[in-house]
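Just so you know, ligand 1 is whichever comes first in the structure, and atom 1 is the first atom listed for that ligand. Keep in mind it's a predicted model, so treat the numbers as computed, not measured.
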Amino acid sequence: MSVKEFPSLNEQQLQRLVYEVTQFGLSNGLIMYPPAPYLNYQPVLAPITIYPTPLPRDQFLKSLDIQLIYNKLYANIVSENEWLTNIIKTLSSSDKDFTGKLWDCYLKALNNGIVQDVSLSLTRSDYMYDELSNQIKQVEFNTVSVSFGGLSSKVGKTHQYLNQNGLYSNNGDNISTYYKENEIVISESDEKLATGLYTGVKYYNDKYLNGENKSIVLMIIQPNERNAFDQRAIEYQLLKNHNVITKRVELPNVLSMVKIDKNNSNKLYYQGLEVSVVYYRSAYGPSEFNQPETWDVRITLESSLSIKCPSLLTQLSGSKKIQQLLTKKDILSKFIDNDLEINKITDTFCKIYPLDESNDGLLARKLAFEKPDNFVLKPQREGGGNNIYKDDIPNFLNSIPKSEWEAYILMELIHPKIHNNIILRNGELLNDGIVSELGIFGTYLFNEKTGEILNNNVAGHLLRSKTSSSNEGGVAAGFGCVDNMYLY
Ligand code: ADP
Ligand code: MG
């Protein structure tokens, strides 16, 4: 298993490559909006690596293989209502601002009556390939608003195009390909995430509309979404392949745009159209809820007959606290009874500590101060930019009340390989080394009450990379870029 170096191009070949990446990407919708201010016709090429990044094939196949186990695990966690709600209730008191608010929404929705037991989840399990263990290690499991599944398919196609056109070849023969065809794998996440949404739509249509395909998906988005084209790619696949319309509505505007028919099983309508699936591409951070109405949106929709993607409990099952608890074998084995499956996913775990007053928690409190360089400290947040790294950890912990420490987990750092790939961002080339994070998408439809899993699928992949000097890899936040792999 030998790894090819990155293509080595001269200045002229590199300039040509940049021109071709740009035109292919723009032609095919590999785009996002720049930071504000911008007008709606002014998107730019998404930041992208100009070459695919090496990843061992066996590790990629493994990540695909275990996705169904991870999906099942998280579905089972939600179906074990008592276990999950006890954890979340406790967590709510140390993380009042977000977990506490979502929990409160859940209690209010429960009080109004939750009439739909079936819920849908579009997930992404994120990994880094760890150089110390030569294995992929899980960074986190996302259960709300997973992004880049729409753009990812286009990144693979871009690298494939460049390869097919001989632009990676440096021998002057401009038709020879540098990578073999099967070394660049293209993600079908745009199509497969749309199919995931359709499993929810179809379930609803069959059950409540005599199988007639006339309900819609309501995508709840953030105002001024820069990553709109990623979402659009999924919307268009859903229409093309399944003949289902998607309407987009901004989170703060939902209540003025929808009606719930209390006399007809709490059916949800958007401008007269019956909504089968509520698809959140928002509502994953406290700043989105700065007006009280936005919490009401969450409560109102949760009590409707539409299938939520995700439900509040499914979103909460993706808390970092749950990820930490699952690293304990006795807890994990509550949800998965097959040893082989347990071993397969345990291989991908890093050591994660609580920061409570248990023995593990007390050990972690010591480690955080004595060996901070080995760790990242994570709050119960999503969406990037929230973690505290290495020697910032002690000061940070000292700066908050001890009663809030329990809201954090302490995770051992993964050691990804630094590759000499080049990032193209805003027309500029950045070449001070990158590290990459692999994401595997999944979709599952399940009954939260009975635990029955109606559908479980793997839905393609994503590679994101960031300059090796930055701790975080947010693409929109300006740290990272989209990438795709060269499998060796
Ligand atoms: P978020 O929910 O904000 O996306 P993550 O857990 O994904 O939080 O962490 C954000 C980023 O921090 C990751 O994309 C990764 O670049 C980095 N990171 C997180 N955990 C680790 C880890 N254990 N080792 C190395 N880097 C990590
Ligand atoms: Mg993440």
Atoms of ligand 1 close to [X] [distance to a heavy atom under 4.0 angstrom, numbered from 1]:
X: L413; result: 23 (N), 24 (N), 25 (C)
X: N387; result: 5 (P), 8 (O), 9 (O), 10 (C), 12 (O)
X: M411; result: 23 (N)
X: R381; result: 2 (O)
X: G383; result: 1 (P), 2 (O), 3 (O)

Practice task
Select the closest option to atom 4 (O) of ligand 1 among K351, K378, E140, E382, judged by heavy-atom distance.
Solution key: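 The nearest heavy atom belongs to E140.
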Can you confirm, on distance only, whether ligand 1 has an N/O atom lying under 3.5 Å from any N/O atom belonging to [X]?
X: C350; answer: no
X: K320; answer: yes
X: V376; answer: no

Practice task
Can you spot which of I453, V78, V118 makes a side-chain contact (heavy atoms from CB on, under 4.5 Å) with N447?
Solution key: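 Only one of I453, V78, V118 forms a side-chain contact (heavy atoms from CB on, under 4.5 Å) with N447, namely V118.
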Practice task
Indicate the atoms forming the closest heavy-atom contact of L438 with S63, along with that distance.
Solution key: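 Heavy atoms of L438 and S63 come nearest at CD2-OG, 3.6 Å.
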Practice task
Looking only at N, O or S atoms, find the one in E140 nearest to the Mg ion (ligand 2) and name it.
Solution key: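 For E140, the N, O or S atom at the smallest distance from the Mg ion (ligand 2) is OE2.
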Handout entry: Criterion ring-ring contact (aromatic ring centres under 6.0 Å, His included) on Y179 and H159, from CA distance to verdict
Key = CA-CA 10 Å; Y179 299 102; H159 288 158; 8.5 Å; no
Practice task
Just say parallel, tilted or perpendicular for the rings of H419 and F6, cut-offs at 30° and 60°.
Solution key: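 Correct class here is perpendicular.
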Handout entry: salt_bridge(R381, D95) N-O dist < 4.0 Å
Key =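 A salt bridge links R381 with D95.
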Practice task
For D356 and S358, test the side chains for any donor-to-acceptor distance below 3.5 angstrom and give the result as yes or no.
Solution key: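 Side-chain D/A pair, D356 to S358: present.
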Exercise for the section: Would you kindly specify which portion of Y389 sits under 4.0 Å from ligand 1, judged on non-hydrogen atoms: side chain, backbone, both or neither? Expected result: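 The answer is the side chain of Y389.
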Problem - Side chain, backbone, both or neither: R464 near ligand 1, heavy atoms under 4.0 Å - result: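 It is neither part, as no heavy atom is under 4.0 Å.
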Handout entry: Any H415 heavy atom less than 4.0 Å to ligand 1
Key =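 Not so, H415 does not reach ligand 1.
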Problem - Whether K137 lies under 4.0 Å from ligand 1, heavy atom - result: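 Checking ligand 1 against K137, which is what was asked, there is no heavy-atom contact under 4.0 Å.
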Exercise for the section: Take Y33 and F229 through the ring-ring contact (aromatic ring centres under 6.0 Å, His included) test and state the conclusion after the steps. Expected result: CA-CA 9 Å; Y33 283 124; F229 305 99; 5.0 Å; yes
Practice task
May I ask you to decide if K4's main-chain N or O and Y486's side chain share a donor-acceptor pair within less than 3.5 Å?
Solution key: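 Present.
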Exercise for the section: State whether the side chain of S282 and the backbone N or O of Q222 hold a donor-acceptor pair below 3.5 Å, judged by distance alone. Expected result: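 Between the backbone of Q222 and the side chain of S282 there is no qualifying donor-acceptor contact (under 3.5 Å).
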